[in-house]
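Naming convention: chains lettered A, B, ... in sequence-line order (proteins, then strands); numbering from 1 in each chain. All of these numbers come straight from a predicted model, not from anything done at the bench.
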There are 2 protein chains.
Amino acid sequence: MKLKKSERQENLKKMIEEEPFITDEELSKRFKVSIQTIRLDRLELAIPELRERIKYVAKQQWDETVKALPIDEVIGDIVDLQLDLSAISLLEIGTEHVFSRNQIARGHHLFAQANSLAVAVINDQLALTANSEISFNRPVKLGERVIAKAKVISTEENHRTVVTVESSVQQEIVFSGTFYMYRSTDEERGDSSNENRN
Amino acid sequence: MKLKKSERQENLKKMIEEEPFITDEELSKRFKVSIQTIRLDRLELAIPELRERIKYVAKQQWDETVKALPIDEVIGDIVDLQLDLSAISLLEIGTEHVFSRNQIARGHHLFAQANSLAVAVINDQLALTANSEISFNRPVKLGERVIAKAKVISTEENHRTVVTVESSVQQEIVFSGTFYMYRSTDEERGDSSNENRN
DNA sequence: ATTACTATTAGGACCTAGTCATAAAACGGA
DNA sequence: TCCGTTTTATGACTAGGTCCTAATAGTAAT
């Protein structure tokens with residue numbers, strides 16, 4: 001006797017979770033049982049067939065891709081946006097943002113939220129960060145909601161705009177930064193020559 | 001005559017790109033041709049069948065999930081590390097790092113590489129960025145390899161360390177930053193009291 | 001109109017990775 | 001030994017194709 005039914009089914013479940021692109025045939029070889037047994041197991045465990053599993057993973061990916069396109073530009077959710085004036089975005093700190101050791105958000109995520117908001121607030125085809133001074137006032141922890149507020153300070157003629165961003169958790173400022181942005185409408189000459197420079 | 005072969009094939013290609021989960025049958029209805037014509041078209045355009053398309057999308061998703069996990073500690077690959085002295089990391093700019101519009105790397109990825117390197121070089125349990133001044137000297141494009149070099153400038157007694165990072169592509173500096181870091185060994189009192197402060 | 005050629009459609013055999021239903025066989029425990 | 005569970009086998013059928021052959025349409029040039 002290799003494994004009891006219940007044991008096999010538990011292992012099966014885990015195996016399919018870890019490796020969803022596996023056929024019944026391959027599973028039957030691994031467990032040294034017939035293909036029909038595997039199918040009975042899937043039936044009892046309500047695990048769909050390979051093609052449905054693949055489809056499910058692919059749909060997720062597709063939905064995210066579709067979702068990601070409009071989001072692409074900004075990290076966090078924009079809750080208010082007045083072009084060339086101000087913008088507000090919200091970022092909820094999840095496990096993917098923190099150091100596993102101490103649950104403190106990694107600085108570059110706060111920077112990314114602020115920086116992408118500074119890019120988004122600019123009403124031009126192209127906006128790139130040229131310089132920036134930032135400070136992290138206190139650590140942000142897992143589960144906190146960071147609200148970033150961007151303000152456009154000055155828009156000079158020479159393709160430069162200054163944007164300040166203050167990020168806070170419950171009224172307490174956790175991050176602040178000044179972003180010196182380069183901006184350009186694509187129609188102008190500056191852009192493509194700039195891009196080809198490498 | 002509805003569409004010429006070449007026109008239909010162009011549209012077909014676009015349609016499948018936009019909506020890869022479409023069967024030949026559905027396509028044949030849309031173009032009002034037989035299923036065989038659609039299959040000939042796919043053959044000529046080297047477009048794989050529905051199931052292969054789904055599998056491809058799903059694999060991508062899967063690979064990214066797997067890839068996203070180990071990223072945790074440092075953005076980029078560390079190629080040299082001398083604790084409390086210097087460190088070097090390498091980041092190859094992929095499609096996930098760039099603005100789709102112009103293929104220029106988004107600033108926060110360069111920041112993330114530099115910042116996480118500054119954190120990594122510090123020989124203490126806890127290292128957090130307190131302040132930073134950074135500048136983006138020229139846009140970095142898709143496919144370029146960014147080499148970030150971090151140097152520890154000064155290590156004062158009061159938990160502060162200054163680290164500079166210069167990132168370059170083929171000897172040309174693309175990013176530079178100064179990071180004012182807060183560091184602490186976990187044994188000391190400062191850390192946990194600090195963390196519980198919210 | 002006839003020929004020549006491309007484009008389209010049709011058909012059948014085969015494939016994978018299954019479903020669903022039925023039945024037979026093997027195994028474990030009282 | 002008999003009973004109930006578990007496993008295996010078998011056959012019919014499905015979607016969404018591949019691959020190959022062959023017939024038919026449509027268009028253009030002679």
Side-chain angles (χ1 to χ4, degrees), chain A residues 1-69, chain B residues 1-69 95-96:
Chain A
M1 184 209 323
K2 311 265 145 175
L3 281 169
K4 272 174 205 150
K5 193 186 178 183
S6 55
E7 290 180 288
R8 189 190 54 234
Q9 291 194 344
E10 261 189 77
N11 288 23
L12 186 84
K13 204 171 171 181
K14 279 179 200 161
M15 197 171 280
I16 290 178
E17 266 164 36
E18 277 170 33
E19 206 179 329
F21 297 31
I22 192 168
T23 60
D24 288 358
E25 199 181 2
E26 179 60 28
L27 286 164
S28 84
K29 279 179 196 156
R30 301 230 185 143
F31 287 104
K32 308 246 182 205
V33 294
S34 73
I35 249 187
Q36 285 76 1
T37 304
I38 296 295
R39 290 180 176 162
L40 266 179
D41 285 347
R42 277 202 299 98
L43 196 74
E44 287 175 19
L45 297 168
I47 295 171
E49 63 168 284
L50 169 63
R51 284 160 179 169
E52 293 305 314
R53 298 196 301 266
I54 291 181
K55 215 181 284 178
Y56 177 76
V57 174
K59 284 253 157 132
Q60 275 200 320
Q61 151 80 354
W62 198 249
D63 291 349
E64 269 173 45
T65 309
V66 171
K67 216 193 299 165
L69 280 176
Chain B
M1 184 209 322
K2 314 266 148 180
L3 282 168
K4 272 176 204 146
K5 190 184 179 184
S6 54
E7 291 179 284
R8 187 190 56 233
Q9 291 194 345
E10 262 188 73
N11 288 23
L12 186 85
K13 205 171 169 181
K14 279 179 199 159
M15 196 170 282
I16 291 177
E17 267 165 32
E18 279 169 29
E19 205 180 333
F21 297 32
I22 192 169
T23 60
D24 288 357
E25 200 182 0
E26 179 60 26
L27 286 164
S28 83
K29 279 178 198 160
R30 300 228 187 148
F31 287 105
K32 307 245 180 206
V33 294
S34 73
I35 242 185
Q36 285 80 359
T37 304
I38 296 295
R39 287 175 179 167
L40 266 180
D41 286 345
R42 277 202 299 100
L43 196 74
E44 287 174 18
L45 297 167
I47 295 170
E49 63 168 287
L50 169 64
R51 284 156 178 171
E52 293 306 314
R53 298 196 301 265
I54 291 181
K55 214 182 282 178
Y56 178 77
V57 174
K59 284 252 158 131
Q60 274 200 321
Q61 151 79 352
W62 199 249
D63 291 350
E64 269 173 43
T65 309
V66 172
K67 213 196 298 166
L69 281 175
T95 48
E96 72 272 30

Closest to the A:K5 side chain, choosing from D:dT6, C:dA10, D:dG17:
D:dT6
For the CD atom on B:E52, are there more than 12 heavy atoms of other groups (residues, nucleotides or ligands in this structure) within a distance under 6.0 Å?
yes
Looking only at side-chain N and O atoms, does B:T23 come under 4.0 Å of OP1 or OP2 in D:dG16?
no
Whole Å only: how far is the CD1 atom of A:I47 from the P atom of C:dT19?
11 Å
Nearest nucleotide by nearest heavy atom, which residue falls closer to the 5' end of DNA chain D, B:L50 or A:L40?
A:L40
A:I16 CD1 - C:dG18 P separation (whole Å)
9 Å
Is any side-chain N or O of A:R42 closer than 4.0 Å to OP1 or OP2 of C:dT19?
yes
Rounded distance (Å) that lies between atom C1' of D:dT18 and atom CZ of B:R53:
14 Å
Rounded to whole Å, how long is the line connecting atom CD1 of A:I35 with atom P of D:dT10?
13 Å
Does A:R51 place a side-chain N or O at less than 4.0 Å from the phosphate oxygens OP1/OP2 of D:dG16?
no
Name all residues meeting the side-chain contact (heavy atoms from CB on, under 4.5 Å) criterion together with A:L45; count only those two or more places apart in sequence or in a different chain, and write none if there are none.
A:Q9, A:L12, A:I47
More 5' along DNA chain C: B:D41 or A:E49, using each one's nearest nucleotide?
B:D41
On DNA chain C, more 5' by nearest nucleotide between B:K55 and B:S34 is B:S34
Does OP1 or OP2 of D:dT7 have a side-chain N or O of A:R8 closer than 4.0 Å?
yes
Contact check, side chains of B:T37 and B:F31, non-hydrogen atoms, under 4.5 Å
no
What is the distance, to the nearest angstrom, from the CD atom on A:Q36 to the P atom on D:dA9?
7 Å
Distance test, side-chain N/O of A:T37 to OP1/OP2 of D:dT7, below 4.0 Å:
no
Length of the CG-P vector between A:L43 and D:dT8, whole Å
16 Å
Could you tell me which residues satisfy side-chain contact (heavy atoms from CB on, under 4.5 Å) with B:S28, sequence neighbours excluded, listed by chain and number?
B:I35, B:I38
CD1 of A:I38 versus P of D:dT6: gap in Å, rounded?
15 Å
Close side-chain approach of A:I22 and A:R53, heavy atoms under 4.5 Å:
yes
What integer distance in Å separates A:I54:CD1 from C:dT16:C1'?
12 Å
